[in-house]
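Have a look at the structure below before the remarks.
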Amino acid sequence: MIVNPETIPSRPAPASRRGIIGWLRANLFSSPLNSLLSLSGLIFLAWALPPVVQWVFLEANFLGENKDACTSEGACWVFVSARFQQFLYGFYPDTELWRVNLFFFEMAAVLTWVLWDKMPKRLWGGIWFLTGFPLTSFFLLYGGFGLETVETHKWGGLMLTLVLSLVGMVIALPVGILLALGRRSDMPAISSFCTVFIELWRGVPLITILFMASVMLPLFVPGDIELDKLIRAMIGISLFEAALIAEVIRGGLQAMPKGQYEAADAMGLTYWQGMRQIIMPQVLKISIPGIVNTFVQLFKDTSLVLIIGLFDLLAVMQAGIADVNWPNVAIEGFVFTGFVFWLFCFGISRYSQLLERKLDTGHKS
Amino acid sequence: MQAELQKQKKSAVNIPSEVETETMISLKGVNKWYGDFHVLKDINLTVKKGERIVVCGPSGSGKSTMIRCINRLEEHQEGEIDVNGVTLTNDLKNIEHIRKDVGMVFQHFNLFPHLTVLENCTLAPIWVRRMPRQEAEAIAMQYLERVQIPCQAHKYPGQLSGGQQQRVAIARSLCMNPQVMLFDEPTSALDPEMIKEVLDVMVELAEEGMTMICVTHEMGFARTVANRVIFMDGGQIIEENAPEPFFNDPQSDRTKLFLSQILSH
């Protein structure tokens, strides 16, 4: 017979399982193969990192007016600093740049308001983000109310990239949700319309859509209505991304246990109440990785507007390296643009991970 | 010893013995097919107000399908179902009206994992009954106290044990102030220790005179609480009787076989 009336107190884990040594053992040297891989990784870094640091920082030139300022072996960042205005604003008139700066500021402010959970009255932030912010941005960037009109073909650089991606994301998400719900609808007319729409838009390359929006759409629209090229690009990008988002959301809908729908029904909630209160909050949560993946893709895909003659960040940079006054700065241009794109995409990705942790209610069914 | 325990339990329980004559639910000649498979065959059942019905039978016998037809989680193809004076039709208004009056508890609880226990309970009163939030929360706390888990109100369902989750599910249904409660195998997914805490809550509900239809294999519960026990097999009602004669003197061979199998250990 065994009797153990006293509770055995918990003891700390052995030293080899704790602290730095424990971490190293668990993460880098947990098996002979992993030790080998860790060591080769370290050797690779030791070989590759110093030249990179040297090129990017130590032997690089940062300030100056033109190519002559680049005297050393390293990167010629003078190209970037001299062209910085174009990279940010495209060909926006010098005297009106404050308007774009104000737009950047408002965007940063409203995004912080909406996305940071410690801000007060975030519902109002959301409402402003969807109503006031687009309106003020339009008047700031395009003109009106006494502001000089700046035609959209002068827009460009990072500003254009941000405008296109924000519009794309804000339209694509709700339209995508509706398309996903429509595709699963019991009503054949709705479900087949949504299916055809999704398959059509998703099955065509974005370049084709942009090209059609730019070249063919005007042929079908009555002559006196002229739709701005930028707006056509926005519509094309938004609907293309909406089709992608719809399939991500449909995956989430498929993953929902049937019991959730039944519980919502059994309580007497209407279809839309059930979707709004029960299904969508959970579907959006489990679809975050997919949605973010699509958004990151969208952010990068905005650079395709180059082919319809809109100059986003990448296009402005490419125009810059083609300048005869700036020979041999292609690497610097691409590295810098790549870094800016990466910074935004990495930001989106980090935020989504934060969101996933915050929304985790410990339920794994 | 088993019999003695049940006797004790029975003497402690104070079930109202009189049943009102008002009809709460009636199923008349209900038939249902899944494709070519005939799941419900000529179901006739009348449940009076305050009556407690236990439905048992082997899996696939159509017992869950039957009670799921009552609140239109499943559609029946023939026959008529009336709930509290309203006939179930394809009219959404009708269906939503009936669902407001009929509470349902599921085998797998089906709590909403993204909402706290309290939010689970207040959601339907707020959105369906248009109740002010504060009032809904007060009522929810009242019911959570009745199922003995008021201190878990601000936790998420994922943080609770199965028994606690099922009690929350019962409280959530009660918050809608239903006229009828449907239980679809409420204890089948629970550990033995937790079955009792859920059954206790159900017995308490019965004492208060709630109209209940329970699909369950808890025969002790059926003996103490039910007015009538229904045995279903192959989509039809094989036998329907008061608990005493049902358990002590089953009429059909199929019922005898079923009872001998589930009571043998």
Side-chain angles (χ1 to χ4, degrees), chain A residues 117 121-123 173 177 181 184-190 249 251-291 352-365, chain B residues 64 67-68 70-75 92-117 119-130 154-160 162 165 168-169 172-178 180-182 184 189:
Chain A
D117 61 346
K121 303 243 187 296
R122 286 172 70 212
L123 181 64
L173 189 59
I177 290 174
L181 291 178
R184 283 169 57 91
S185 166
D186 293 334
M187 286 173 265
I190 294 181
I249 302 279
L253 284 169
Q254 232 106 323
M256 286 296 291
K258 216 173 133 221
Q260 293 290 312
Y261 294 93
E262 289 178 353
D265 283 346
M267 292 166 82
L269 294 173
T270 62
Y271 173 80
W272 290 108
Q273 282 174 338
M275 283 301 154
R276 166 74 192 78
Q277 302 295 330
I278 311 296
I279 305 300
M280 269 308 147
Q282 298 184 61
V283 165
L284 289 178
K285 190 180 94 182
I286 55 173
S287 306
I288 286 176
I291 293 171
S352 80
Q353 285 169 32
L354 190 91
L355 205 59
E356 276 180 65
R357 276 200 301 278
K358 208 189 77 180
L359 294 179
D360 182 17
T361 54
H363 187 93
K364 298 276 179 289
S365 61
Chain B
S64 286
I67 68 165
R68 287 158 60 87
I70 294 172
N71 65 350
R72 225 354 127 86
L73 289 184
E74 307 274 356
E75 198 179 335
L92 269 181
K93 282 249 154 43
N94 241 343
I95 295 173
E96 275 159 18
H97 182 90
I98 285 174
R99 284 172 176 170
K100 277 187 210 173
D101 285 344
V102 178
M104 188 164 204
V105 174
F106 299 88
Q107 180 177 1
H108 295 289
F109 332 134
N110 295 350
L111 293 177
F112 306 131
H114 63 300
L115 300 175
T116 63
V117 164
E119 287 166 339
N120 263 281
C121 293
T122 56
L123 188 109
I126 289 174
W127 289 95
V128 180
R129 293 247 187 255
R130 303 277 162 202
H154 296 284
K155 286 193 181 168
Y156 288 97
Q159 298 164 302
L160 305 185
Q165 291 194 40
V168 171
R172 177 175 75 174
S173 293
L174 292 177
C175 284
M176 282 294 280
N177 192 21
V180 188
M181 286 287 283
L182 307 174
D184 190 1

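Sequence lines set the chain letters: A, B, ... in the order given, protein chains first and strands last, and positions in each chain run from 1. Note that these values count all heavy atoms, side chains included, but never hydrogens, waters or copies made by symmetry. Remember, predicted model here, so these are calculated numbers, not experimental data.
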Going through the distances and angles, do A:Leu359 and B:His114 end up as a side-chain contact (heavy atoms from CB on, under 4.5 Å)? CA-CA 8 Å; A:Leu359 294 179; B:His114 63 300; over 6 Å; no

Would a distance-only check, ignoring hydrogens and angles, find a side-chain to backbone donor-acceptor pair under 3.5 Å from B:Asn110 to A:Gly259? yes

Could you grab the distance from atom CG of B:Asn71 to atom CE of A:Met267, nearest 0.5 Å is fine? 12.5 Å

Does some side-chain heavy atom of B:Pro113 sit less than 4.5 Å from a side-chain heavy atom of A:Gln260? yes

So for B:Phe112, is it side chain, backbone, both, or neither that comes closer than 4.5 Å to the heavy atoms of chain A? both

With a 4.5 angstrom heavy-atom cut-off, which part of B:Asn120 approaches chain A: side chain, backbone, both or neither? backbone

Would you mind writing out the side-chain donor-acceptor pairs for residues 122-130 of chain B within the sub-3.5 Å range, not counting sequence neighbours?
unit_1: B:Thr122; atom_1: OG1; unit_2: B:Leu118; atom_2: O; d: 3.2
unit_1: B:Thr122; atom_1: OG1; unit_2: B:Glu119; atom_2: O; d: 3.4
unit_1: B:Arg129; atom_1: NE; unit_2: B:Met176; atom_2: O; d: 3.3
unit_1: B:Arg129; atom_1: NH2; unit_2: B:Lys100; atom_2: O; d: 3.1
unit_1: B:Arg129; atom_1: NH2; unit_2: B:Met176; atom_2: O; d: 2.8

Looking at residues at least two apart in the chain, or sitting in another chain, which of them share a salt bridge (Lys or Arg N to Asp or Glu O under 4.0 Å) with A:Asp117? A:Lys358

Top of B:Arg172, B:Arg72, B:Met104, B:Lys155 for chain A proximity - count of heavy-atom pairs under 4.5 angstrom: B:Arg172

Tell me, for A:Gln273 versus chain B, whether the close heavy atoms (under 4.5 Å) come from the side chain, the backbone, both or neither. side chain

